Amino acid sequence: MELPEHATTDDALAEAAGIGPYFAVDTDPGIADHPLWRPLTALYGPALPAPYGPALPDQIANVRVRLGTTEERVAASLFFQGVAGRLWSPALATAVLHGRVPGLDPAGTYWRAASPGPVVLAAPGAPALPGDAAALRRVIVDGHLVPLVRAVRAVTPVAEGLLWGNAASALVGALTVLTMARPGSSAAASRLVGELLATPPLRAAGDLGPYGFRRRSCCLYYRVPGGGKCADCALL
């Protein structure tokens, strides 16, 4: 869908939300004042004051209970992958479909717990950046995933390479859903994702070839009761 020239980033995000739930980002400006919505800096940073408490450990614990696992690192890995997917999906879609990356500053991007599933995101009034790999890397990798990797590893002993494997896998997952929903975007989306996977810290995470993506680590989903190995798993 082509947006008019005067369309805002909010318009682009609203259009991308039609692709699927991982692509949905709320843009209601009233969210910033709503008590259930908190800036992502609260998830990546130190414990929140009462009544919220330690946001990240609580979210990881919720995932552990929901999945029925006793392993904190498994829950931390899968929580990280879910958040990475929620960040990559709308940013990749708007970059490919509308030539703009939403400037999702962590202090101005809000999250709310959701069950089941990863956190829900909101970014009212996000500025528009160029729709290229450099902007995507700066916004998603540097702005969000680097501090989230650091925060997760401070809470739970999970390998850094595993988390970056999750980030790469989440990016390829977003690519798959986007190109299935919008087949005409396949070439541009694949080219953009290929550029992102060719640069650190994603470069060491796996390989994207003609038959799909194969990562060099495992997200540990096979350790969840009833879980298994994903299609891109290094253990296959």
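Note that these values count all heavy atoms, side chains included, but never hydrogens, waters or copies made by symmetry. The structure presented is a predicted model; accordingly, all values stated were derived computationally and were not measured.
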Arg216 vs Asp207, salt bridge (charged side-chain N to carboxylate O under 4.0 Å, His left out): CA-CA, chis, key distance, verdict: CA-CA 8 Å; Arg216 299 192 182 105; Asp207 301 293; 2.8 Å; yes
Find the distance between OG1 (Thr94) and CG (Leu178) and round it off to the nearest 0.5 Å. 10.0 Å
Show the numbers, then the answer: is there a side chain to side chain contact (heavy atoms under 4.5 Å, CB included) between Arg150 and Val146? CA-CA 6 Å; Arg150 187 182 307 120; Val146 167; 3.4 Å; yes
Could you check if a side-chain atom of Trp164 sits within less than 4.5 angstrom of a side-chain atom of Leu202, using non-hydrogen atoms only? yes
Can you confirm whether Pro106 sits close enough to Pro147 that some side-chain heavy atom of one is under 4.5 Å from a side-chain heavy atom of the other? no
What do the steps show when you test Val63 against Val74 for side chain to side chain contact (heavy atoms under 4.5 Å, CB included), and what is the final call? CA-CA 9 Å; Val63 173; Val74 174; over 6 Å; no
Do Ile19 and Leu97 make a side-chain contact, defined as non-hydrogen atoms from C-beta onward lying under 4.5 Å apart? yes
Are any of the side-chain heavy atoms of Leu43 and Arg38 separated by less than 4.5 Å? no
So, His34 versus Tyr110: side-chain donor-acceptor pair below 3.5 Å or not? no
Taking all non-hydrogen atoms of both residues, which atom of Pro124 and which atom of Gly108 are closest, and how far apart? CD-O, 4.3 Å
So which heavy atom on Gly103 is nearest to which on Val139, and how close? CA-CG2, 4.4 Å
So does Arg153 get a backbone contact from the side chain of Thr156, meaning a donor-acceptor N/O pair under 3.5 Å? no
Quick check: do Leu67 and Pro225 have side-chain heavy atoms less than 4.5 Å from each other? no
State whether the side chain of Thr27 and the backbone N or O of Ala123 hold a donor-acceptor pair below 3.5 Å, judged by distance alone. no
Could you walk me through whether Arg100 and Leu129 pass the side chain to side chain contact (heavy atoms under 4.5 Å, CB included) test, one step at a time? CA-CA 5 Å; Arg100 65 186 79 182; Leu129 303 176; over 6 Å; no
If you look only at pairs with a residue in residues 60-81, which of them pass as a salt bridge (Lys or Arg N to Asp or Glu O under 4.0 Å), with sequence neighbours excluded? Arg64-Glu72, Glu71-Arg73, Glu71-Arg223
Would you compute the distance between atom CZ of Phe23 and atom CG of Leu121 and round it to the nearest 0.5 angstrom? 13.0 Å
Please check if Val158 and Tyr222 belong to a single hydrophobic cluster, counting links between Ile, Leu, Val, Met, Phe, Trp and Tyr side chain heavy atoms closer than 4.5 Å. yes
Under a 3.5 Å distance rule, please check whether Trp111 uses its side chain to pair with a backbone N or O of Pro39 as donor and acceptor. yes
Hey, are the side chains of Cys218 and Leu162 touching, using non-hydrogen atoms and a 4.5 Å cut-off? no
CG of Leu13 to CG of Asp26: how many Å apart, nearest 0.5 Å? 10.0 Å
Side chain to side chain contact (heavy atoms under 4.5 Å, CB included) between Thr8 and Asp11, intermediate numbers included: CA-CA 5 Å; Thr8 65; Asp11 295 328; 3.2 Å; yes
With no hydrogens and no angle check, is any side-chain donor or acceptor of His98 less than 3.5 Å from a backbone partner on Glu15? no
Separation of Ile31 CD1 from Asp28 CG (nearest 0.5 Å): 5.0 Å
Residue pairs fulfilling salt bridge (Lys or Arg N to Asp or Glu O under 4.0 Å) with at least one residue in residues 119-142, sequence neighbours excluded: none
Report whether Tyr22 and Val120 are members of the same hydrophobic cluster (ILVMFWY, side-chain heavy atoms less than 4.5 Å apart, transitive linking). no
So, the side chain of Arg191 versus the backbone of Ser186: is there a donor-acceptor pair under 3.5 Å, distance only? no
Nearest heavy-atom approach of Arg215 to Ser169 is NH1-CB, 3.8 Å
If only atom types and distance count, is the side chain of Ser190 paired as donor or acceptor with the main-chain N or O of Ala187 below 3.5 Å? no
Between Phe213 and Asp232, which heavy-atom pair has the shortest distance, and what is it? O-CB, 3.1 Å
Can you confirm whether Thr9 sits close enough to Pro127 that some side-chain heavy atom of one is under 4.5 Å from a side-chain heavy atom of the other? no
Would you name the heavy atoms of Pro118 and Val83 that are closest together and state the gap between them? CB-N, 4.3 Å
Euclidean distance, Leu163 CG relative to Ser217 OG, rounded to 0.5 Å: 8.5 Å
Single-linkage hydrophobic cluster, 4.5 Å side-chain cutoff, Val177 and Trp88 together: yes
Non-hydrogen side-chain atoms of Phe80 and Leu145 separated by less than 4.5 Å: yes
Transitive ILVMFWY side-chain link Trp37 to Leu148, under 4.5 Å: no
For the residue pair Leu175 and Ala189, what are the closest heavy atoms and their distance? CD1-CB, 3.4 Å
For the CG atom of Leu78 and the CG atom of Asn166, what is their distance to the nearest 0.5 Å? 7.0 Å
